[in-house]
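One structure is given below, encoded as structure tokens.
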Amino acid sequence: MTDRELRPARLGWSALCFVLFALLATLVKTNWSPLTDLDTRIGTWPESFTRAHHGVYLFWHYLALATTTLPEAVATAVVAVALEAKKHRRAAIWTIVVMASVGTATAVIKQLVGRERPVWDAPIEVLTSFSFPSGHSSGIVGAMGVAVVLTRMLVRRRGVRRLVFVLAGAMVVLVGADRIFLGVHNLSDVLAGYLLGGGLVLFWLALYDPTPRSIALGNAPLPDAVPNQRKKLAVILNPIKIDDAAQFRTLVEALATGAGFASVGWWETTVEDTGYGMAHEAAVSGCDLVLAIGGDGTIRAVCEELAGTGIPVGIVPAGTGNLLARNLAIPLYLRSAVDVGLNGQDRAIDMVQVSGDKMEDATFMVMAGMGFDAAIMEGVNDTIKAKVGWLAYVWSALKSLMFPAIRVEVSVDGGEFTRHRARTLVIGNVGFLQAGMPLIPDASIDDGQLDVVLLYPRRFLSWLPLAVRVLTRNKRTDETITRMTGREVVVRTHVDAPRQLDGDLIPPGKELRATCVHGRVLVRVPR
């Protein structure tokens, strides 16, 4: 279901929360004795248990300090700044509005209801502010509600989402229990805080969609040679990269309809065919645009097949590395990536033809590597990768840091071979790795040139100053880091070395020949 279709349900659940909250507030304001007696009976044992166990008291006490207004405000500001930095402005605004409205509403209602704190013979903690509703409870529900919404919006891995949901639920229960075990709130105060916080999260979720708006709404329409009523969209999907394929199809088709596409055709990749056959069929079908949804391997297959056809490719990064998308500034949030694919502008980018011993002729869009770079790919455990994503590459890199140095000969644009020693060699069509690491900062995907970098840290600790040089974009070259640029590159080694193309392993060998084909592929990028 789309956000517009979910709006009535969200408003309905929000209204239910507010009605139940109003009922509780009325009972509290009128001092309804059955509720008062219930609060006392339920709160007596937890309060006495905490008083009798100092370790239990310390746990609840520090949990209360960690979930007060100030830490929540700081966390809200940090999250909002991070969202703004990632260009999720609507999500940042929504986060601030939710947390501000929860805090303000709680403070105002406390004064209106004016309920005193529970009274005990030997109180553990004494607070002078009013009791109804619990500010800790409303605040934690607001914060965890924001966490759940942002996780559903930005996190693709089902396992990670489930973990966040479980932790969010546990935090809500713990903070509510904290107020009762410390004897500073009644059960009805806690429940009222839950209802108020939950109602406001749902209310703002229905009123203001935190997902990014379509770029078509903020930009003038681009000239289109094909009338809208005849535009055809082809979608090539790697089904293992999407958790809920049916829901995702509904989203894509709704966005495609809004972008003026009259029809949408679907193809799914297989283990045997990562996208070549599907892209060929899509092109033959007469489509005007192809959305490629998957990892770097799927994207590379589709781009290679559609190279030179003039059919633009919309890249929807659903993999682990997503290096091509990162270097083209395509958002990793799937909905925004689909929006860019449908409504962005076309850009001609380079493709690289590659050949060598013990391999079939192939292409790459991002990078080819020999040595340590390929050993990382070889050492990645697929099970761990499925669970933790790109962190699996970090673990593999740590294990492969001292990959043996190899003797390398490099020729650029038909020139004489130069000799080097290197632990890794990368031929790049783009410059940035995961996390924005500028391995080849001067590389451009549409300049018709390839950039070669050789890294040779002599010892384990030598990786640290090398990493600093890379991160600071230091252009100084020596035997530790060597850079070259040209249209054609030939690399030879004296022994078989691991090799990779766009993160996919190819058989180890002694040679790679790479040629940049300028402006060969048309892709959609943000406007």
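No hydrogens, no waters, no symmetry mates; every other heavy atom, side chains included, goes into these values. From a predicted model like this one, the values you see are computed outputs, not experimental measurements.
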Validate the cation-pi geometry between R90 and Y208: distance from NZ or CZ to the six-membered ring centre under 6.0 Å, angle to the ring axis within 45°.
yes
State whether K110 and E116 are salt-bridged, where the test is any N-O pair (Lys NZ or Arg NE/NH1/NH2 against Asp/Glu carboxylate O) under 4.0 Å.
no
P71 side chain reached by V74 side chain, heavy atoms, under 4.5 Å
no
Pairing of E253 and R249 as salt bridge, 4.0 angstrom limit
no
Between H88 and Y333, how do the two ring planes meet: parallel, tilted or perpendicular, split at 30° and 60°?
perpendicular
Could you tell me whether the side chains of S138 and T106 share a donor-acceptor contact shorter than 3.5 Å?
yes
Determine whether the aromatic ring centres of F49 and H53 lie less than 6.0 Å apart.
yes
Scan side-chain atoms only and decide if S188 and R115 contain a donor-acceptor pair under the 3.5 Å cut-off.
yes
How long is the span from the CD1 atom in I315 to the CD1 atom in I349, to the nearest 0.5 Å?
5.5 Å
Any cation-pi pair here, K231 with F261, using under 6.0 Å and within 45°?
yes
Is it the case that more than 12 heavy atoms not belonging to K87 sit under 6.0 Å from its NZ atom?
no
Say whether, by atom type as modelled, one donor and one acceptor occur between the side chain of T50 and the main chain of F181 under 3.5 angstrom.
yes
Are there over 12 heavy-atom neighbours, none belonging to W120, within less than 6.0 Å of that residue's CH2?
yes
Testing the 3.5 Å rule here: is there a donor-acceptor pair between the side chains of W60 and E125?
no
Run the salt-bridge test on D504 and R300 with the 4.0 Å N-O cut-off and return the result as yes or no.
yes
Does the side chain of S129 come under 3.5 Å of the side chain of R117 through a donor N or O and an acceptor N or O?
yes
D189 bridged to R179 by N-O distance under 4.0 Å
no
